[in-house]
Amino acid sequence: MLDKTPKKTLEFFRPENESGLLIPYFDQGVSAGFPSPALDFMEEKIDLNKALSENPLATFFIKVEGHSMIDAGINDKDVLVVDRSLEPENNKIAICFIEGGFTVKRINVEKGGLWLMPENPNYAPIKVTEENQFMIWGIVTYVIKKI
């Protein structure tokens with residue numbers, strides 16, 4: 001089952017930076033090994049829209065549809081934080097517009113050209129050529145998922 005073209009349109013959302021919704025935030029971290037002292041439950045407040053948006057005017061949230069990036073930890077229904085102000089680089093995960101549709105893939109630049117690489121062996125890489133209608137729309141900076 002080699003899927004070569006994007007099939008679905010992604011849902012795009014802008015962060016609400018004026019929400020004023022502050023969630024309790026414990027910045028001391030939590031041990032994933034042995035328990036650590038509570039440090040008197042140090043608590044601050046965090047606004048996730050602001051914390052996940054280094055460049056708020058260029059940041060969008062995009063809901064994933066599909067399974068082509070599962071080996072990169074990006075699953076169907078995850079929400080991606082995408083920054084349009086970042087420069088595309090080899091090996092970055094990007095939202096790309098190709099042939100009339102959006103897709104999320106890893107950028108792979110080689111001597112032979114540009115490839116959009118899935119992170120699932122059931123999907124084929126997409127070779128970008130001069131004939132393609134193509135644009136790198138933004139770079140993925142975070143993945144938000146329900147567990």
Side-chain angles (χ1 to χ4, degrees), residues 1-34 36 43-147:
M1 168 186 174
L2 295 178
D3 183 9
K4 292 186 179 182
T5 59
K7 300 258 191 294
K8 297 181 180 183
T9 302
L10 299 173
E11 294 181 63
F12 293 76
F13 306 94
R14 290 199 60 108
E16 174 56 60
N17 289 313
E18 302 301 320
S19 69
L21 176 63
L22 298 175
I23 298 170
Y25 174 61
F26 298 90
D27 67 350
Q28 295 301 313
V30 63
S31 175
F34 294 103
S36 62
E43 180 181 331
E44 295 180 27
K45 301 284 185 181
I46 187 170
D47 181 334
L48 290 177
N49 287 312
K50 292 178 182 174
L52 300 179
S53 304
E54 273 189 44
N55 303 300
L57 296 177
T59 300
F60 291 83
F61 298 128
I62 301 174
K63 186 176 180 182
V64 175
E65 293 183 1
H67 304 279
S68 71
M69 296 298 288
I70 59 173
D71 289 344
I74 299 173
N75 299 303
D76 187 50
K77 309 276 188 278
D78 285 350
V79 174
L80 305 178
V81 180
V82 179
D83 189 334
R84 294 196 69 198
S85 70
L86 297 177
E87 289 293 320
E89 295 177 21
N90 189 43
N91 240 6
K92 293 284 186 181
I93 295 177
I95 301 297
C96 302
F97 183 81
I98 186 164
E99 299 304 325
F102 286 95
T103 188
V104 57
K105 297 288 184 281
R106 188 173 301 277
I107 300 168
N108 186 348
V109 181
E110 297 179 348
K111 282 186 180 180
L114 174 65
W115 292 84
L116 303 180
M117 303 300 292
E119 296 276 342
N120 180 335
N122 294 323
Y123 292 80
I126 300 169
K127 180 162 178 55
V128 179
T129 66
E130 291 181 11
E131 290 80 38
N132 293 120
Q133 179 187 6
F134 174 74
M135 176 178 73
I136 296 176
W137 197 81
I139 302 299
V140 175
T141 56
Y142 294 94
V143 179
I144 302 170
K145 56 178 66 245
K146 184 174 182 175
I147 56 171

Between Pro118 and Pro125, what is the shortest heavy-atom contact and its length? CD-CA, 3.6 Å
To the nearest 0.5 Å, tell me how far Lys145 NZ sits from Ile74 CD1. 7.5 Å
How long is the straight-line distance from CG of Leu86 back to OG1 of Thr59, given to the nearest 0.5 Å? 8.0 Å
Donor-acceptor contact below 3.5 Å, side chain Asp83 vs main chain Ser85: yes
Assess whether atom CD of Glu87 is packed by more than 12 heavy atoms of other residues, nucleotides or ligands within 6.0 Å. no
Please report the shortest heavy-atom distance between Gly73 and Val143, naming the atom on each side. O-CG1, 4.0 Å
Can you find a heavy atom in the side chain of Lys77 that is under 4.5 Å from one in the side chain of Lys146? no
Is there a side-chain contact between Phe134 and Leu114, using heavy atoms and a 4.5 Å cut-off? yes
Does the side chain of Ile93 reach to within under 4.5 Å of the side chain of Leu80, using non-hydrogen atoms? no
Could you measure the distance from the CG atom of Asn120 to the CG atom of Asn75? Nearest 0.5 Å is fine. 10.0 Å
Check whether any side-chain N or O of Asn108 sits under 3.5 Å from a backbone N or O of Trp115 as a donor-acceptor pair, and report yes or no. no
Do Met69 and Val64 make a side-chain contact, defined as non-hydrogen atoms from C-beta onward lying under 4.5 Å apart? no
State the SG-CH2 distance between Cys96 and Trp137, to the nearest 0.5 angstrom. 11.5 Å
Can you tell if the side chain of Ile139 reaches within under 4.5 Å of the side chain of Ile107, non-hydrogen atoms only? yes
Within a strict 4.5 Å, meaning less than it, do heavy atoms of the Thr103 and Tyr123 side chains meet? no
CZ (Phe61) and OG (Ser53) are apart, to the nearest 0.5 Å, by 5.0 Å
Are Asp76 and Glu65 close enough that some pair of their side-chain heavy atoms sits under 4.5 Å apart? yes
How close do Lys127 and Gly113 get, heavy atom to heavy atom, and via which atoms? NZ-CA, 4.0 Å
Evaluate Asn91 against Arg106 for side chain to side chain contact (heavy atoms under 4.5 Å, CB included), listing each step before the verdict. CA-CA 6 Å; Asn91 240 6; Arg106 188 173 301 277; 3.3 Å; yes
Side chain to side chain contact (heavy atoms under 4.5 Å, CB included) between Leu52 and Ile144, intermediate numbers included: CA-CA 10 Å; Leu52 300 179; Ile144 302 170; 3.8 Å; yes
Can you tell if the side chain of Met117 reaches within under 4.5 Å of the side chain of Lys105, non-hydrogen atoms only? no
About how many Å separate CD of Glu99 and CG of Asn132, when rounded to the nearest 0.5 Å? 4.5 Å
Nearest heavy-atom pair of Val109 and Asn90: which atoms, and what distance? N-OD1, 2.7 Å
